[in-house]
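Here is how names work: the chains are called A, B, and so on, in the same order as the sequence lines, proteins then strands, and each is numbered from 1. Being a predicted model, the structure only gives us computed values, none of them experimental.
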Amino acid sequence: MREVIRALLVSLWFVFLTFPILVIKVDTINDIIVWRWMNSLYIGLGVLLLQGIWHAWRHLRTLRKEDRERDTIAWIVLVCLPVLWLAWVATRNTQKPLHPADRVLMLLVAPLWLVDYLRSPAKREPQWHDWPCMILFPPSLLVRGYFALFRKGGEKVSIPGVEQPSLMQVMLENQKAMRPLYLLILILAACYPQMVEFYQTNIMVNFMIWIVLGLGLNIVIGLAGLLDLGFVAFYAVGAYAYALLNHHFGLSFWYVLPIGMVLGAVCGLLLGYPVLRLRGDYLAIVTLGFGEIIRLVLENWSSFTHGPSGISNIDRPPFVTDLSIMQATEYMYYIMLGLLLLTIFVVTRLKNSRIGRAWLALKEDEIACQAMGIDKTKTKLAAFALGATWAGLVGVVFAAKTTFINPMSFTLMESIIILSIVVVGGMGSIPGVITGALVLILVPEWLRGVEEYRMLAFGAFMVMVMVFRPQGLVSARRKVYQYDKAKAVSAHE
Amino acid sequence: MDYFLELFFGGLTRGSIYALIALGYTMVYGIIELINFAHGEIYMIGAFTGLIVAGVLGTLGFPMLGILFVALACAVIWSAAYGYTVEKIAYKPLRNAPRLSPLISAIGMSIFLQNYVLLAQTSDFLPFPQLTPDLAFMGPLKSFVSTSELFIIGSTALVCVGLTLFIKYTRMGKAMRATAQNRKMAMLVGIKVDKVISATFVIGSALAAVGGVLIASHIGQINFYFGFIAGVKAFTAAVLGGIGSVPGAMLGGLILGWTEAFATGYVSSDYEDVFAFALLVLILIFRPEGILGKDSTQKV
Amino acid sequence: MNKPALDVRGLCMDFGGLRALNKVDLEVRQGEIAALIGPNGAGKTTFFNCITGIYAPTEGDIHVLPDGENRVRINGRKPNHVTELGMARTFQNIRLFPSMTVLENVMIGRHCRNRSSILGAVLRDGHTRRQEDEVISRSYEMLELVGLERWANELATNLPYGAQRRLEIARAMATEPFLLLLDEPAAGMNPQETRRLKDLIDHIRETYHIAVLLIEHDMKMVMSVSDRIYVMDYGQRIAAGSPEEVSKNPEVIKAYLGEDADD
Amino acid sequence: MTSPILELRSIDTYYGKIQALYGVDISINEGEIITLIGANGAGKSTTLMSICGVTPPRKGQVFFQGRDITRTSAEAIVAQGICQVPEGRLIFPGLTVTENLDMGAFLRNDRNGIRQDMERVFELFPILAERRRQAGGTLSGGEQQMLAIGRALMARPKLLLLDEPSMGLAPLVVRQIFDIIVQINKEEGTTIFLVEQNANLALKIGHRGYVMENGVITMEDDCATLLADDSVKKAYLGL
Amino acid sequence: VGCGEQKKEETAAGQGTEEAASEETVAEPAGEIVLGVPGAHSGDLASYGLPTVNAAELVAEKINAEGGVLGRMVKVVAQDDECKPEKATNAATKLLSEGVHVVLGHICSGATKAALPIYTETRIVCMSPSATNPPLTQSGDYPNFFRTIASDDAQAQLGVDFAKKIGLTTIAVIHDKGDYGKGFASFARDFVEADPDMNVVLFEGVTPGAVDYSAVVQKIKNSGADGVIFGGYHPEASKIVSQMRKKDLDLPFISDDGVKDDTFIKVAGEYAEGVYASGPRDISGNPLYQVALDAHKAKYGTEPGAFFYEAYSAALALLNAIEKAGSTDYDAVVNALRTEYVDTPVGKIKFDAKGDAEGVGFSMYQVQDGEYVELQ
Ligand SMILES: Nc1ncnc2c1ncn2[C@@H]1O[C@H](COP(=O)(O)OP(=O)(O)OP(=O)(O)O)[C@@H](O)[C@H]1O
Ligand SMILES: Nc1ncnc2c1ncn2[C@@H]1O[C@H](COP(=O)(O)OP(=O)(O)OP(=O)(O)O)[C@@H](O)[C@H]1O
Ligand SMILES: CC(C)C[C@H](N)C(=O)O
Ligand SMILES: [Mg+2]
Ligand SMILES: [Mg+2]
């Protein structure tokens with residue numbers, strides 16, 4: 001009973017809270033005031049419902065505390081609810097504009113990517129080739145089943161006393177089981193443009209660009225622990241390097257690709273050097289400032305950068321024959337896939353190397369690190385430079401792909417999104433970054449159908465992920481060093 | 001000389017605006033080490049609440065000054081309520097989470113609140129009635145400071161002094177300082193940490209609301225995006241002054257305001273932000289903890 | 001055996017108006033175990049911080065002699081240089097890398113004895129691989145030395161307090177020092193654990209022939225393990241000598257030990 | 001003796017999924033000094049934190065003066081008169097020594113009393129008086145420890161929980177601290193729950209003692225008896 | 001690889017097959033005409049993009065109520081591009097996958113430039129109500145691009161001529177650093193400088209969204225300018241004008257059609273009096289203007305926002321062209337756009353070979369007694 005009263009009070013609180021903004025709509029231009037009392041009702045009921053779900057969830061949690069895996073519930077919430085909702089939507093006539101009641105529900109359920117699929121195409125029948133991308137990405141059930149098979153096969157590194165590794169961790173640590181899956185993903189990725197529409201290929205290229213950006217920032221922030229809010233600056237440097245070199249000197253994509261990387265790295269060093277002394281959030285604001293400075297220069301230095309009107313007609317990567325836009329995008333897709341694999345490879349190697357360890361240690365305790373003989377300056381600069389390299393690289397790709405760039409693409413919001421990709425996905429984890437980009441770039445893109453509520457849901461989703469999985473969707477996994485005495489002895493000799 | 005003075009007062013106004021918003025940042029940061037990205041949105045919501053109340057009262061034919069006070073009061077109440085709720089939903093569950101998680105949560109909240117207002121109200125700019133009366137004695141000074149600017153400068157100064165005293169001398173202020181230093185230990189000396197944090201959010205949000213209404217009434221228009229840039233600038237000001245320090249926020253805001261005003265006046269407004277950020281970098285290089293920030297070097 | 005390893009002359013350190021170290025002279029010889037004792041706030045930790053480069057001393061000279069012959073002045077050097085020269089320390093308030101594994105903590109100690117480049121890390125060539133193997137095996141050896149090998153893949157933060165102290169020692173040992181600086185290694189240990197620690201220190205000196213400079217408040221341990229003791233009070237050196245001499249020194253008794261020195 | 005002032009009834013405490021305490025029973029009578037000894041990681045600090053509500057037990061109950069405080073929040077428990085000197089010198093690093101001490105008296109309102117108590121602390125630890133205006137974080141390890149103890153004294157608690165108060169202190173000061181403990185116990189009747197590694201001293205001043213191993217209480221007796229016990233001697237006294 | 005491959009080849013093959021593709025979709029029961037409306041619908045520029053969606057919806061509703069185009073219903077598909085080039089390409093390709101027939105958008109010139117190659121290659125007509133950057137039409141790169149708004153240079157010319165007419169000699173040119181504002185301002189500067197009698201004493205950009213502009217205002221005052229030309233939108237314009245007037249700086253203020261918006265007058269209030277702004281000729285006398293306005297008020301209860309009338313006009317023009325062409329065939333539609341006049345809120349228009357609207361005719365307006373009055 002007390003629970004019910006509490007729930008009612010909470011609902012009332014929200015009714016109160018949303019009263020001026022949701023209920024009264026003033027139009028000071030015409031002095032019109034519209035009262036929308038129904039909104040209060042929706043909010044009240046919506047919040048009640050939410051609390052109901054919340055309590056149910058809590059109840060479930062306590063029911064099977066011992067043998068429960070937290071992920072199960074998380075996946076239920078993330079997968080089943082949207083599916084239920086979807087069923088509900090599917091039974092309605094979706095042509096009509098959204099009913100306010102829908103809106104409340106929209107607030108509640110964020111990952112609605114399937115909605116788009118059912119709603120948007122005017123009259124397209126579902127076709128078989130739409131499925132691979134669906135099967136590929138919402139992995140819950142399939143992956144579960146798959147790993148149920150492999151559970152025992154792979155050796156599970158369990159550290160006594162550490163929290164039970166989550167499903168994702170088990171999954172990722174289970175290398176043996178992962179290998180065929182990786183292969184499958186790779187094959188699917190290679191075939192992907194052949195199976196789907198132009199649009200899907202196009203957004204996949206963007207998706208991969210964001211992954212690489214995320215991986216780059218992941219070096220700086222996830223590995224070395226340096227909070228960088230101006231990462232997009234390096235991206236801009238790469239993009240403008242290609243745009244300008246191409247525009248003025250006609251240099252081709254392939255020449256500028258390494259130039260972009262080097263420029264990115266150099267800028268990383270330039271930024272890194274003066275700010276090394278700063279810690280934590282001070283670093284954040286300075287990097288934010290740096291990002292803004294770069295953007296402002298791009299905007300204001302018209303004679304050099306063409307200012308806000310940007311640079312158009314940038315060449316796409318050359319190919320033996322002329323390509324149509326679709327083919328060029330497909331070509332771009334494969335180039336980007338290659339670069340992505342390269343990035344993953346290099347970042348993995350770095351992470352598990354001497355310098356990767358130094359970064360991690362630096363993140364945890366700078367003073368102890370120095371006392372152990374690690375050169376703070378060099379190590380941090382290396383992180384800045386190596387992170388920026390990738391941003392410079394994909395900057396070039398970006399310019400070549402859109403064929404037009406202007407400073408609009410390099411605002412603070414972009415930096416924030418990259419940061420969110422890293423943190424939402426799980427700091428320091430490569431699959432994490434991919435997951436982060438998936439939920440923050442690809443899913444909103446797929447959600448285009450629900451236009452108006454997209455950003456609202458996006459914000460709510462970010463909050464929800466953090467509240468329910470503060471460490472990110474995929475926790476970082478670290479190489480476990482095994483000591484093999486026999487081998488070591490021979491290595492010594 | 002006149003030109004200099006004009007720029008000086010322009011910078012002073014701008015700086016006061018930054019400072020007023022920066023206070024909320026600094027308080028929240030001081031206590032839970034969180035860059036509260038949603039603070040700019042709270043400020044925006046304050047302004048919207050003020051606008052809505054002013055609109056409703058305007059049609060009822062209230063006197064101007066009456067509207068100002070009621071609008072301010074309502075803005076303060078609702079902003080505080082939003083601040084409180086946001087903290088409970090998005091930050092409280094993350095007390096022991098990795099350091100960046102609440103930051104992302106704050107960014108999510110910021111995006112959410114922006115779009116919430118966008119959808120519930122409108123995407124267009126709405127004119128904001130001028131609520132501050134034009135004081136007669138200000139006439140001759142008009143080219144330096146207008147009345148609404150005076151209001152902003154005055155209330156910033158007032159709030160800043162008040163807040164400094166509050167933190168220094170009241171029990172709640174004492175509890176805030178302790179909580180900021182070490183949350184576990186604060187609990188162990190009997191401080192109600194949750195309440196203190198809530199109170200911080202409530203106070204910070206209330207200040208933002210005051211700023212929102214005054215500034216909106218000064219500028220004369222608002223839209224849902226109105227908090228974002230101001231928020232970033234205010235955050236910069238807070239860091240410049242030494243984050244966590246109330247006088248620092250004030251000082252940082254003023255320095256930022258003056259830099260921008262003089263950069264515009266004597267160089268070019270094209271690069272005003274470049275100057276602002278370059279100054280920030282410079283100052284932080286020489287004083288990594290901000291102008292009035294406490295040296296946080298730890299003993300080993 | 002009696003070549004000097006560390007030679008500090010006239011070291012002063014000011015914090016604002018507070019003089020935490022006042023003209024401190026101190027010498028540690030190769031292979032000896034020296035102890036630095038004194039009341040709380042005497043400046044012992046500050047001394048460590050000065051000679052390891054964490055603070056820049058206001059005055060005075062600090063020389064290290066890695067091989068007993070060549071003097072290197074290290075005033076104002078960065079901590080990582082000092083460590084590279086061969087002086088490694090532990091901290092009074094434990095400073096491990098809490099969310100790295102025990103083995104990784106020690107591997108960090110190997111960092112400065114290694115020269116694999118970033119390119120090497122990416123390409124993972126033979127040289128880099130060999131070095132990595134060497135890092136692992138040497139680190140493991142250090143864990144065996146302090147008896148933590150069975151915890152190797154445990155996160156450092158999950159170790160009991162005493163084990164964390166030993167891990168700090170292992171990490172410092174991994175940097176191949178000629179002089180090991182220990183700041184209150186026995187704090188928070190019970191008498192039995194303290195005794196095991198003493199054995200460990202003895203063992204380290206024996207096996208690796210390195211010098212140890214030790215700050216400690218546990219007199220039983222200090223008296224039994226050290227060859228020579230320096231006593232500080234209010235930033236000044238008030239006594240130096242063998243354990244017997246020091247424990248009889250009236251000034252030391254008054255300032256530090258109290259009437260019945262051995263409890 | 002009267003009914004116990006504090007009673008733990010078979011509490012289980014967890015850190016996340018790790019269990020640190022297994023059915024711990026402890027009871028403390030008013031005016032007693034109770035000593036708890038045990039190896040590193042036995043769960044001594046966890047016991048104190050469980051009493052204070054910082055890591056509330058998942059099972060079992062804690063009674064203070066006959067009231068169930070198991071689910072009470074930490075600050076409310078403090079308000080009832082339990083005060084703790086936590087392990088690891090948890091002081092407020094940015095506040096000065098005086099401010100730190102002042103925080104200890106956060107729940108008190110008698111200005112004069114507070115001032116007197118502050119003077120008393122400065123008398124007990126003269127070095128703190130010298131460092132009055134210095135930030136707590138820059139004090140030496142031992143000074144911080146003294147500050148933490150001083151701050152707890154400022155609260156004038158009914159029950160004082162001390163977690164390894166002698167850690168990092170010079171021998172002279174250690175003895176002094178133990179004298180103070182006995183003194184406030186005698187003069188003010190403060191009940192004391194002492195966790196110590198320096199078992200020898202702790203058992204000497206304590207009335208009754210508990211021994212903890214791996215989260216379980218294995219022994220409970222008068223301190224004198226424990227001091228004489230062979231297994232205790234071997235394991236904790238280093239004899 | 002099955003039908004996916006097939007479909008892609010179709011679209012890739014270009015010419016003619018587009019029609020086949022649309023035939024295919026026409027064969028579906030609904031048989032709608034899909035009107036894509038990409039633009040900034042979220043983020044800081046949403047206020048420029050959302051009115052276009054409203055306009056498209058209103059036109060579609062109206063036309064559907066009258067029986068549709070060629071008997072087919074019009075369906076509006078909005079896509080958000082946040083004015084960002086990369087999002088614009090996503091929006092464009094998404095529209096393609098939705099079988100779009102004509103596109104009303106994008107809003108920003110930058111986004112438009114990024115998306116246009118896609119429409120050009122797939123032969124889809126694209127008409128923007130707001131992208132004013134001159135090269136979009138003048139470069140000749142985009143035969144499928146049209147717009148119902150004057151390009152920056154045309155308006156700048158008008159503004160500068162007007163300044164000369166009212167006798168200004170020293171001019172401060174201010175802009176909002178944006179694509180549109182800076183474009184307009186640069187042209188204005190060039191035109192002023194080309195005139196021997198006039199010169200530019202100040203050329204500055206202000207930061208949009210900044211909390212106040214007093215420093216710039218002081219600078220204008222200090223520069224000794226006798227007139228201000230501003231390139232940008234009404235939020236900035238009203239802030240600058242208000243601050244100028246508050247500081248007793250009563251210089252003539254000449255601006256573009258980003259400012260010729262009733263919101264400007266409401267926001268700036270009394271300070272708006274006397275401000276000049278260029279815009280399509282004689283618009284409020286147009287009956288269709290009233291229709292559009294009333295429809296908006298009826299449906300959304302508010303005044304329409306930026307570019308609403310241009311968008312409304314563009315939607316009418318596009319659908320009219322389809323009607324006239326008798327199909328959604330690209331060449332036919334383009335031809336119809338270039339030859340057939342259509343009545344719209346901005347006037348009776350058709351498009352020239354480059355894609356700019358003919359018949360819009362720009363003239364200068366001044367705010368008098370809280371209303372924009374056309375000056376002869
Ligand atoms: N950064 C600093 N700023 C100001 N004073 C400092 C600083 N560091 C140390 N001190 C002061 O210098 C004195 C010496 O401190 P130090 O830590 O060296 O003492 P210690 O001998 O290690 O004592 P303990 O045995 O208690 O650890 C102390 O009084 C301390 O307050
Ligand atoms: N924050 C924590 N998270 C996880 N496990 C913890 C945490 N704190 C303590 N533990 C574990 O709980 C157990 C009990 O620890 P506790 O600190 O209570 O021991 P203790 O008896 O006080 O030891 P010490 O003498 O070292 O202070 C230990 O195994 C320890 O590893
Ligand atoms: C919405 C505006 C920024 C569009 C502007 N007219 C342009 O050409 O880009
Ligand atoms: Mg010390
Ligand atoms: Mg303990």
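At most 12 non-hydrogen atoms from other residues, nucleotides or ligands lie less than 6.0 angstrom from CZ of A:R6. Other residues, nucleotides and ligands contribute at most 12 non-hydrogen atoms within 6.0 Å of the OH atom of B:Y84.
Taking chain A as the reference chain and counting heavy-atom pairs below 4.5 Å, the highest number among B:V232, B:L126, B:I104 is found for B:I104. Contact count against chain A (heavy-atom pairs under 4.5 Å) is highest for B:I107 among B:V117, B:I107, B:L113. Between chain B and the options A:I294, A:V286, A:V424, A:V465, the largest number of non-hydrogen pairs under 4.5 Å is found for A:V286. When B:P102, B:A106, B:S101, B:A278 are compared by the number of non-hydrogen pairs under 4.5 Å with chain A, B:S101 comes out ahead.
B:T236 touches chain A through backbone and side chain together, each having a heavy atom under 4.5 Å away. For a residue to count as touching a neighbouring chain, one of its non-hydrogen atoms must lie under 4.5 Å from one of that chain's; by this rule A:L283 does not touch chain B. Of the atoms belonging to A:F14, it is side-chain heavy atoms, and not backbone ones, that fall under 4.5 Å from chain B. Only the side chain of A:I33 comes within less than 4.5 Å of a heavy atom of chain B; its backbone N, CA, C and O stay farther away. Proximity to chain A is limited to the side chain of B:L94, based on heavy atoms less than 4.5 angstrom apart. Using a 4.5 Å cut-off between heavy atoms, B:Q114 makes no contact with chain A at all. Contact of A:R295 with chain B is not made at all, since no heavy-atom distance falls under 4.5 Å. Interface remark: A:L419 contributes backbone and side-chain atoms alike to the contact with chain B (heavy atom separation under 4.5 Å). The contact between A:W35 and chain B is made entirely by side chain atoms (from C-beta outward), counting heavy-atom distances below 4.5 Å. Both the backbone and the side chain of B:I285 come within less than 4.5 Å of a heavy atom of chain A. Within the 4.5 angstrom heavy-atom criterion, only side-chain atoms of B:F37, from C-beta onward, approach chain A. Proximity to chain A is absent for every atom of B:Y91, based on heavy atoms less than 4.5 angstrom apart. In this structure, no portion of B:L282 lies under 4.5 Å from any heavy atom of chain A. Proximity to chain A (any heavy atom under 4.5 Å) is shown, for B:L240, by neither the backbone nor the side chain. Interface residue B:P288: backbone and side-chain heavy atoms are both found under 4.5 Å from chain A.
Here the closest non-hydrogen pair linking A:F231 and A:S415 is N-OG, 3.5 Å.
Ring planes of A:F16 and A:W13: tilted class, angle from 30 to 60°.
To the nearest 0.5 Å, the span separating OH on B:Y43 from OG on B:S79 amounts to 11.0 Å.
Side-chain atoms of B:S198 and B:K88 include a donor-acceptor pair closer than 3.5 Å.
Salt bridge A:E366/A:K380: present, at least one basic N to carboxylate O contact under 4.0 Å. Salt bridge status for B:R95 with B:E87: present, with a side-chain N to carboxylate O gap under 4.0 Å.
Judged by distance alone, the side chain of A:T435 and the main-chain N or O of A:G425 form no donor-acceptor pair under 3.5 Å.
Between B:F228 and the options B:Y225, B:F224, B:F226, a ring-ring contact (aromatic ring centres under 6.0 Å, His included) holds for only B:Y225.
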